[in-house]
Amino acid sequence: MNRPCKVVFILSTNYAGSHLLTQLLGAHPQCRSIGELHNYRKYQDRPDDRHSVVNDFAVNPWFAGLDSLPQQQWHPQILKTIQAEQPDVCCLVDNSKKADWASKFVGHAEIDARFVHLIRDPRALVRRWEKTYDSADAKRSQRRRLVRANPRYLLKAFTGSEHEIYLYKWLQANQEITSFLARTGQSANVVTYRDLAADTEQALQRLMPQLGLDYAVSQLAFGEVEHRGTLKKEYLEQSKRSEIRLDMRWLQELPEKAQEMIAENRDVQRYLSELGLHLRPDGLSRR
């Protein structure tokens, strides 16, 4: 391969819209989405009905033979296999989301790594995690996890409300991404879920040149492209129709008092200001 393999790594929390962004980027004529590659071995060994995504890691020729290679060679090998039939493809989209996974490939000679920080409104994530961690044990575990992730939140973990715990979980996770990008000298291409879902074309027109690619109108018809790796079960039919629905359930389901607490939190305000983002009535957006 004459040129390094270009890989766009999506960095985000869970439930931030990364599968949507993956499909939009993977629908570019020069790109192909390969899903959550860091879960390659896990999903190979577990049937689809045991997790929230479908995957084709075990049967798709794109991923054949990866077990015998170092992880730093996975992306170049996948691209080489794709280019044998589709020579115009030059970019892979990796939806692994984890900064510690992406860090393995920074500075690697065979990989031209690009990064997108996809960030969703904290009000939406607090609402989601409130429903996810619904047992007493799960709630206690989240407090412990917050302290392990950042010991300076020890007092907050003991005294904070459930909504505050999830808010600082959101803040810690996104700050880790910001710190990783700054520490490794990578461009911080920040996209919010709200902007991506509410004004998709404008968001892509801004983002694609930052990734070294021109925007292609065909990206809006992402359902017409066969995406590989992993796909969310919940959105399979919606994706086939290239349908995007802005999820605003937090407006009705998160208590108004919690919404106000999040919007007024000084740590959140400071962080969003650093990123050039602000909380709108309908979600987190660029200024």
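Formation of a donor-acceptor pair under 3.5 Å by the Asn265 side chain with backbone atoms of Met261 is not found in this model. Under the 3.5 Å distance criterion, the side-chain polar atoms of Gln83 are matched with a main-chain donor or acceptor of Val89. Of the possible donor and acceptor atoms, one in the side chain of Gln259 sits under 3.5 Å from a partner among the backbone N and O of Leu251. In this structure, Asp247 contributes its side chain and Arg249 its backbone to a donor-acceptor pair below 3.5 Å.
Nearest heavy-atom pair across Gly229 and Asp56 is N-OD1, 2.9 Å. Between Leu11 and Ala102 the shortest heavy-atom distance is CD2-CB, 3.9 Å. Between Gln73 and Leu69, the shortest heavy-atom distance links the atoms OE1-CD2, 3.7 Å. In terms of heavy atoms, His227 sits closest to Gly26 at CE1-C, 4.0 Å. In terms of heavy-atom proximity, Ser96 sits nearest to His38 at OG-N, 3.0 Å. Here the closest non-hydrogen pair linking Ala197 and Thr200 is O-OG1, 3.8 Å.
Between Ser18 and Lys97, the closest side-chain pair of non-hydrogen atoms falls below 4.5 Å. Considering only heavy atoms from C-beta on, Ser285 comes within 4.5 Å of His278 through its side chain. Arg270 places none of its side-chain heavy atoms less than 4.5 Å from the side chain of Ser273. With a 4.5 Å cut-off on side-chain heavy atoms, Leu37 and Ile78 count as touching. Between Leu66 and Phe63, the closest side-chain pair of non-hydrogen atoms falls below 4.5 Å. Between Tyr166 and Lys139, some side-chain heavy-atom pair lies under the 4.5 Å cut-off. Side chains of Gln142 and Trp129 form no contact here, defined as non-hydrogen atoms less than 4.5 Å apart. Between Arg3 and Cys90 the shortest side-chain heavy-atom distance falls below 4.5 Å.
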- request: Using the side chain to side chain contact (heavy atoms under 4.5 Å, CB included) rule, take His75 and Glu110 through it: C-alpha gap first, then chi angles, then the decisive distance, then the call.
  value: CA-CA 9 Å; His75 298 91; Glu110 293 185 62; over 6 Å; no
Ring pair (Phe, Tyr, Trp, His ring centres under 6.0 Å), that's the test. Do Trp62 and Phe57 meet it? Break it down for me.
CA-CA 8 Å; Trp62 289 7; Phe57 286 138; over 10 Å; no
Please walk me through it: do Ser239 and Gln23 pass side chain to side chain donor-acceptor pair (under 3.5 Å)? CA-CA 8 Å; Ser239 296; Gln23 292 179 90; 3.3 Å; yes
ask   = Between Asp195 and Arg286, does a salt bridge (charged side-chain N to carboxylate O under 4.0 Å, His left out) hold up when you go through it step by step?
value = CA-CA 8 Å; Asp195 291 348; Arg286 292 176 58 85; 5.4 Å; no
Trace of the salt bridge (charged side-chain N to carboxylate O under 4.0 Å, His left out) decision for Glu237 with Lys240 = CA-CA 5 Å; Glu237 292 305 316; Lys240 289 177 183 178; 3.3 Å; yes
With a 3.5 Å cut-off and sequence neighbours excluded, list the donor-acceptor pairs that the side chains of residues 121-128 form with protein atoms.
| residue | atom | partner | partner atom | Å |
| --- | --- | --- | --- | --- |
| Asp121 | OD1 | Arg123 | N | 2.7 |
| Asp121 | OD1 | Arg123 | NE | 2.9 |
| Asp121 | OD2 | Arg123 | NE | 3.2 |
| Asp121 | OD2 | Arg123 | NH2 | 2.6 |
| Asp121 | OD2 | Leu284 | N | 3.1 |
| Arg123 | NH2 | Arg280 | O | 2.7 |
| Arg127 | NE | Glu253 | OE1 | 2.9 |
| Arg127 | NH2 | Glu253 | OE1 | 2.9 |

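In this structure, CG in Leu181 is found 7.0 Å from CD in Gln186, a value given to the nearest 0.5 Å. In this structure, the separation between CG on Asp199 and CG on Leu246 is 11.0 Å, given to the nearest 0.5 Å. Between atom CD1 of residue Ile262 and atom CG of residue Leu279 there is a gap of 8.5 Å, rounded to the nearest 0.5 Å. Note: Ile177 CD1 to Lys98 NZ = 9.0 Å, rounded to the nearest 0.5 Å. In this structure, CD on Gln72 lies 6.0 Å from CZ on Phe105, to the nearest 0.5 angstrom. Taking NZ of Lys169 as the reference point, atom CZ of Arg145 lies at 6.5 Å (rounded to 0.5 Å).
Grouping the Ile, Leu, Val, Met, Phe, Trp and Tyr side chains by contacts below 4.5 angstrom, directly or via other members, places Ile165 with Val268.
Between Trp74 and Trp101, the ring-plane angle classifies as tilted under the 30° and 60° cut-offs.
Sequence neighbours left out, the pairs with a member in residues 148-160 that pass salt bridge (charged side-chain N to carboxylate O under 4.0 Å, His left out) are Lys156-Glu164. Among residues at least two apart or in separate chains, there is no salt bridge (charged side-chain N to carboxylate O under 4.0 Å, His left out) pair with a member in residues 86-96. Judged as a salt bridge (charged side-chain N to carboxylate O under 4.0 Å, His left out), not a single pair has a partner in residues 201-214 (not counting sequence neighbours). Screening residues 216-227 for salt bridge (charged side-chain N to carboxylate O under 4.0 Å, His left out), with sequence neighbours left out, gives Glu226-Arg228. Residue pairs meeting the side chain to side chain donor-acceptor pair (under 3.5 Å) criterion with at least one member in residues 4-17: none, sequence neighbours excluded.
Looking at residues two or more places apart in sequence or on another chain, you find a side chain to side chain contact (heavy atoms under 4.5 Å, CB included) between Val147 and Leu154, Ala157. Looking at residues two or more places apart in sequence or on another chain, you find a side-chain hydrogen bond (donor to acceptor under 3.5 Å, both in side chains) between Asp137 and Arg140. Under the side-chain hydrogen bond (donor to acceptor under 3.5 Å, both in side chains) criterion, Asp112 pairs with Arg114, sequence neighbours left out. Judged as a ring pair (Phe, Tyr, Trp, His ring centres under 6.0 Å), and not counting sequence neighbours, the contacts of Tyr168 are Tyr153. With sequence neighbours left out, the side chain to side chain contact (heavy atoms under 4.5 Å, CB included) criterion links Ala113 to Phe9, Ile111, Phe115.
In this structure, the ring of His19 has its center no less than 6.0 angstrom from the ring center of Tyr235.
Under a cut-off of 6.0 angstrom, the local environment of CD in Glu256 is sparse, with at most 12 non-hydrogen atoms contributed by other residues, nucleotides or ligands. More than 12 non-hydrogen atoms from other residues, nucleotides or ligands lie less than 6.0 angstrom from CZ of Arg241.
Between the side chains of Tyr271 and Thr178, at least one donor N or O sits under 3.5 Å from an acceptor N or O. Between Glu36 and Tyr43, the side chains place a donor N or O and an acceptor N or O closer than 3.5 Å (distance only, hydrogens not considered).
In the hydrophobic clustering, where aliphatic and aromatic side chains (Ile, Leu, Val, Met, Phe, Trp, Tyr) are joined below 4.5 Å either directly or transitively, Leu21 groups with Val8, Ile10, Leu20, Leu24, Leu25, Val93, Val116, Leu118, Val191, Leu196, Leu204, Leu207, Met208, Leu211, Leu213, Tyr215, Val217, Leu220, Phe222, Ile244.
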